[in-house]
Engineer: 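Provided herewith is a single structure, encoded as structure tokens, for subsequent inquiry.
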2 protein chains.
Amino acid sequence: MTDPDSPAPRSVGARRGRPPSNALSRERILDAALTLLEREGPEALTLRRLGADLGSNHTAVLRYFSGKDDILLGLAERLIAEAVDGFEPGPTWRATLTELARRVRRACQAHPALAVLVASRVSRRDAEFRGADLVIGALLEAGFGARESARYYRALVDVTLAMSSFEAASAVLDGPEREGDRMAWQREYLMASPQRFPQLASVAAHLAEADEDDQFEFVMGLLLDAVEARSGRPA
Amino acid sequence: MTDPDSPAPRSVGARRGRPPSNALSRERILDAALTLLEREGPEALTLRRLGADLGSNHTAVLRYFSGKDDILLGLAERLIAEAVDGFEPGPTWRATLTELARRVRRACQAHPALAVLVASRVSRRDAEFRGADLVIGALLEAGFGARESARYYRALVDVTLAMSSFEAASAVLDGPEREGDRMAWQREYLMASPQRFPQLASVAAHLAEADEDDQFEFVMGLLLDAVEARSGRPA
DNA sequence: ACCTGAACACCGTTCAAGT
DNA sequence: ACCTGAACACCGTTCAAGT
């Protein structure tokens with residue numbers, strides 16, 4: 001809950017001078033970046049757009065962040081914090097793991113453009129450590145040893161982040177690209193040659209049935225079934 | 001094995017005129033794009049660089065592809081073809097699924113810059129259908145019905161592609177970003193406060209043990225264990 | 001038929017100059 | 001102390017003009 005970003009100035013109740021819109025800070029810059037990403041997608045996050053939205057010259061932002069990558073790392077921490085903040089372990093270790101995975105995915109769904117840009121980056125900050133502590137606690141509770149818990153932790157985190165950002169990448173496509181990719185499951189897979197692809201043809205009608213929510217739950221269910229089967233203590 | 005790209009000109013044995021380096025074609029353009037990506041990473045693929053490498057004006061490429069995205073879709077088909085070409089089903093349905101997943105991952109490892117750019121796109125072309133046919137064949141063989149096979153197919157493909165491109169995203173980071181992210185597992189996780197993150201601290205020493213190959217095998221093993229447990233017919 | 005070159009509307013980053 | 005403005009070396013795409 002403590003906040004790693006803040007050289008923030010002390011210009012509090014100053015009524016005169018420029019409008020408050022020009023008082024830059026790391027927080028205000030990250031807020032603006034997030035708004036921009038949500039409204040216009042990952043390629044809209046440029047220093048020049050950011051400067052315009054903040055009412056400043058585009059280079060002013062570089063007084064607060066060392067470059068665009070530094071802004072992304074700040075946003076990455078926000079994303080993971082959104083998933084982890086306020087979370088309490090559930091009644092069983094499995095419920096804890098399931099709910100944390102869902103929260104990570106939900107945060108990525110809420111900010112797909114951000115997820116695409118940062119999901120594979122390690123932020124190495126507070127929220128990430130809190131999440132790791134919770135997951136590993138659940139795995140130790142399940143009866144795994146230290147080495148095994150570390151292994152399962154990385155497997156679960158990798159799959160959750162990988163699938164969430166993979167999904168975000170589709171969510172963020174726009175225009176014809178998106179339409180083309182989305183319809184493929186319903187049209188082109190159905191039309192694939194039954195002579196050349198007989199197995200595919202025999203199940204093609206079902207390919208578009210499950211939505212993305214189902215898919216994610218299904219995969220996590222499979223994974224946690226296997227984890228549970230290998231653990232000493234069923235949840 | 002048939003090739004969807006080719007308006008190719010018939011300028012075969014013409015000895016005079018410009019050097020052959022100026023004879024553009026979809027194939028030559030894709031070759032050059034792949035070389036560029038492999039040598040210099042995803043952000044190096046620009047029409048201008050491509051034009052320079054091909055010895056042409058950068059806009060000449062637009063006579064063969066409708067835009068940069070069209071080039072990416074052409075490359076996506078090549079990536080999946082590299083994974084699927086020459087593959088034969090294994091002795092058991094599980095061996096078939098494991099080996100196909102490994103091949104997809106290996107192709108993404110061989111071309112990480114390409115994997116980052118296209119893994120979440122659906123190419124809807126020949127190689128993709130061949131891969132789908134093989135996976136679904138294995139699942140039907142495992143005893144699943146049409147609806148279930150479709151569901152498991154999407155789960156397995158999503159996890160394989162998501163993890164492969166997730167991994168590729170790290171492989172492709174360069175300079176300080178990469179060093180920072182890689183060392184995090186060994187340094188910063190080890191140094192995380194044992195008071196605030198006791199569970200994490202108790203296993204931190206093991207977090208850097210497994211390499212990416214182990215991680216992938218481990219996840220696929222978990223997933224296929226669960227698939228096998230739910231199937232009527234063990235492999 | 002195929003390619004070029006100029007133009008347009010953009011990028012991130014650096015750095016001297018202003019206030 | 002903080003921000004601006006010009007400059008630099010880039011982008012993708014369009015389109016009239018060349019050969």
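Here is how names work: the chains are called A, B, and so on, in the same order as the sequence lines, proteins then strands, and each is numbered from 1. Values below: all heavy atoms of this structure, side chains included; hydrogens, waters and symmetry mates excluded.
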Engineer: Mind listing the N/O atom pairs, protein and nucleotides 8-12 of chain D, below 3.5 Å?
Structural biologist:
| unit_1 | atom_1 | unit_2 | atom_2 | d |
| --- | --- | --- | --- | --- |
| D/dC11 | OP1 | B/Thr46 | OG1 | 3.3 |
| D/dG12 | OP1 | B/Leu47 | N | 3.3 |
| D/dG12 | OP1 | B/Lys68 | NZ | 3.4 |
| D/dG12 | OP2 | B/Leu47 | N | 2.9 |
| D/dG12 | N7 | B/Arg48 | NH1 | 2.3 |
| D/dG12 | O6 | B/Arg48 | NH1 | 3.1 |
| D/dG12 | O6 | B/Arg48 | NH2 | 3.3 |

Engineer: Within less than 4.0 Å of OP1 or OP2 of C/dA1, is there a side-chain N or O belonging to B/Tyr64?
Structural biologist: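 False: B/Tyr64 side-chain N/O out of range (4.0 Å or more) of C/dA1 OP1/OP2.
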
Engineer: Requiring both pairing distances under 3.5 angstrom, list the stems that contain DNA chain C and are made of three or more consecutive Watson-Crick or G-U pairs.
Structural biologist: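 C:4-8 with D:12-16, C:12-16 with D:4-8 - these are the stems of 3 or more pairs that involve DNA chain C.
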
Engineer: Separation of B/Phe65 atom CZ from D/dT14 atom P, in whole Å?
Structural biologist: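 From B/Phe65 CZ to D/dT14 P: 16 Å.
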
Engineer: Can you list every pair that meets salt bridge (Lys or Arg N to Asp or Glu O under 4.0 Å) and has a residue in residues 51-60 of chain B, with sequence neighbours left out?
Structural biologist: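 Every salt bridge (Lys or Arg N to Asp or Glu O under 4.0 Å) pair that includes a residue of residues 51-60 of chain B, provided the two are not neighbours, is B/Arg49-B/Asp53.
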
Engineer: List the residues meeting ring-ring contact (aromatic ring centres under 6.0 Å, His included) with B/Phe87, not counting sequence neighbours, and say none if there are none.
Structural biologist: none

Engineer: Looking only at the side chain of B/Leu62 (C-beta and beyond, no hydrogens), which of the listed nucleotides C/dT4, D/dC3, D/dT13 gets closest?
Structural biologist: D/dT13

Engineer: Write down the distance between CG (A/Leu54) and C1' (D/dC3), rounded to a whole number of angstrom.
Structural biologist: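 Interatomic distance, CG of A/Leu54 to C1' of D/dC3: 13 Å.
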
Engineer: Could you state the CZ-P distance from B/Arg63 to D/dT13, rounded to the nearest angstrom?
Structural biologist: 15 Å

Engineer: Considering residues at least two apart in sequence or located in another chain, which fulfil the side chain to side chain donor-acceptor pair (under 3.5 Å) criterion with A/Arg102?
Structural biologist: A/Glu99, A/Glu217

Engineer: Name all residues meeting the ring-ring contact (aromatic ring centres under 6.0 Å, His included) criterion together with A/Tyr152; count only those two or more places apart in sequence or in a different chain, and write none if there are none.
Structural biologist: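 Result, ring-ring contact (aromatic ring centres under 6.0 Å, His included) vs A/Tyr152: A/Phe144, B/Phe218.
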
Engineer: Go through the structure and list residues passing side chain to side chain donor-acceptor pair (under 3.5 Å) with A/His206, not counting sequence neighbours.
Structural biologist: A/Glu209

Engineer: Which residues satisfy the side chain to side chain donor-acceptor pair (under 3.5 Å) test with B/Asp214, sequence neighbours excluded?
Structural biologist: none

Engineer: So, using side chain to side chain donor-acceptor pair (under 3.5 Å) as the criterion, who are the partners of A/Glu82 when residues are at least two apart?
Structural biologist: A/His111

Engineer: Can you tell me which nucleotide in D/dC3, D/dT13, C/dC2 comes closest to the side chain of B/Thr59?
Structural biologist: D/dT13

Engineer: Would you kindly give the CG-to-P distance between B/Asn57 and D/dT19, to the nearest whole Å?
Structural biologist: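 In whole Å, D/dT19 P lies 15 Å from B/Asn57 CG.
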
Engineer: Describe, in one word, how the ring planes of B/Tyr189 and A/Phe129 are oriented to each other, choosing from parallel (under 30°), tilted (30 to 60°) and perpendicular (over 60°).
Structural biologist: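 Ring orientation of B/Tyr189 relative to A/Phe129: perpendicular.
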
